[in-house]
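Some notes on the structure that comes next.
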Amino acid sequence: MTVPLLHAASAVPLAIALIWGSAPRRVAPQEASALPTVQANDNRRAAGVMVNDTLVLRLVLQRADWYPEGDGGPSITVEAFGELGRVPSVPAPLIRVAAGTIIRVSIENQLADSTAHIIGLGTHPVAVSDSLHLKPGDTTTVTFAAGAAGTYLYRAVIGNNPDTRESERETAGGAFVIDPVGGSPAD
């Protein structure tokens, strides 16, 4: 049996559907909003800065307006990650490091009414039970070694309990790539 390959154009909607597992809460024509506007992330720039042998990254989880059909189309209010001082992005900022790199990431939950359960920010492979739980307004910092080479996902499950979907509203997430020692082939 032959499995057809996805073309890049069809992979984008699939990636978006995987990142946001539930229906959007609001769709409206373009209007003025106090929320930041989500920027598309083409995953060409790794987030954070290297300080000696450590990647230092400061993430903010916040609400933002996303215009999936372009600037003139309807907007959807979503939860999205962004680097501190930058606009939020979909998908979330790319974490890309070499195997053996130490990572120090600070996560701030700017959602005023939602707990965020952060999954995938730990030594890989990561157990799902190794989630970080951030109440509204909380900030935490974790430091860990990158772990095994591979391509992973980090995400925030928005809601009361990440183990059940009954209270989950939405997820926001991004790629976490760990290159093998000696590097990966060019993308």
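Only heavy atoms go into these numbers, but all of them, side chains included; no hydrogens, no water, no symmetry mates. Owing to the predicted nature of the structure, the values given are computational and were not obtained by experimental measurement.
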- Phe81 side chain near Asn41 side chain, heavy-atom distance below 4.5 Å: no
- For residues Ile95 and Leu121, determine if any side-chain heavy atom of one lies less than 4.5 Å from a side-chain heavy atom of the other. yes
- Looking at Pro93 and Ala47, what are the two nearest heavy atoms and their distance? CB-CB, 3.7 Å
- Val177 vs Leu94 side-chain heavy atoms within contact, under 4.5 Å: yes
- Asp53 side, atom CG; Ile103 side, atom CD1 - distance, nearest 0.5 Å: 11.0 Å
- For Ile118 and Ala156 the tightest heavy-atom approach is CD1-CB, 3.6 Å
- Item | Smallest separation among heavy atoms of Gly173 and Pro91, with atom names | O-CB, 3.6 Å
- Query: Got a second to check how far Asp42's CG is from Ser89's OG, nearest 0.5 Å?
  - Reply: 10.0 Å
- Message: Tell me whether the count of non-hydrogen atoms from other residues, nucleotides or ligands lying under 6.0 Å of CZ in Arg44 goes above 12.
- Response: no
- Any side-chain heavy-atom pair from Ser131 and Ile119 closer than 4.5 angstrom? yes
- Message: Just so I know, are the side chains of Val60 and Pro88 near enough to count as touching, which here means a heavy-atom distance under 4.5 Å?
- Response: no
- Message: Given 3.5 Å as the limit, does a donor-acceptor pair link the side chain of Thr123 with the main chain of Ala145, or not?
- Response: yes
- Atom pair CD1 (Ile178) and CZ (Arg96), whose distance is rounded to the nearest 0.5 Å: 11.0 Å
- Given the rule in the side-chain contact (heavy atoms from CB on, under 4.5 Å) test, do Tyr154 and Leu59 qualify, once you have shown the distances and angles that lead to the verdict? CA-CA 12 Å; Tyr154 73 97; Leu59 294 173; 3.9 Å; yes
- Task: Give, for atom OG1 of Thr141 and atom CZ of Arg104, the distance between the pair rounded to the nearest 0.5 Å.
- Result: 8.0 Å
- Query: Rounded to the nearest 0.5 Å, how far does CD of Gln62 lie from CG of Leu111?
  - Reply: 8.5 Å
- Query: How many angstroms lie between atom CD of Glu79 and atom CZ of Arg63, to the nearest 0.5 angstrom?
  - Reply: 4.5 Å
- Lys135 versus Asn109: any side-chain heavy-atom pair under 4.5 Å? no
- Apply side-chain contact (heavy atoms from CB on, under 4.5 Å) to the pair Glu108 and Ser106, showing each step before the final yes or no. CA-CA 7 Å; Glu108 179 183 351; Ser106 167; 5.7 Å; no
- Message: Trp66 and side-chain contact (heavy atoms from CB on, under 4.5 Å): which single residue from Leu35, Val78, Thr37 fits?
- Response: Val78
- Query: Thr101 versus Met50: any side-chain heavy-atom pair under 4.5 Å?
  - Reply: yes
- Using the ring of each side chain (for Trp, its six-membered ring), is His124 parallel, tilted or perpendicular to Phe176, with breaks at 30° and 60°? perpendicular
- Query: Got Ile102 and Thr143 here, is their nearest side-chain heavy-atom distance under 4.5 Å?
  - Reply: yes
- Do the side chain of Glu83 and the main chain of Leu57 share a donor and acceptor less than 3.5 angstrom apart? no
- Message: Which heavy atom of Ala80 sits nearest to which heavy atom of Val38, and what is that distance?
- Response: CB-CG2, 4.3 Å
- Do Leu61 and Val142 belong to the same hydrophobic cluster, where Ile, Leu, Val, Met, Phe, Trp and Tyr are linked whenever their side-chain heavy atoms lie under 4.5 Å apart, directly or via other members? yes
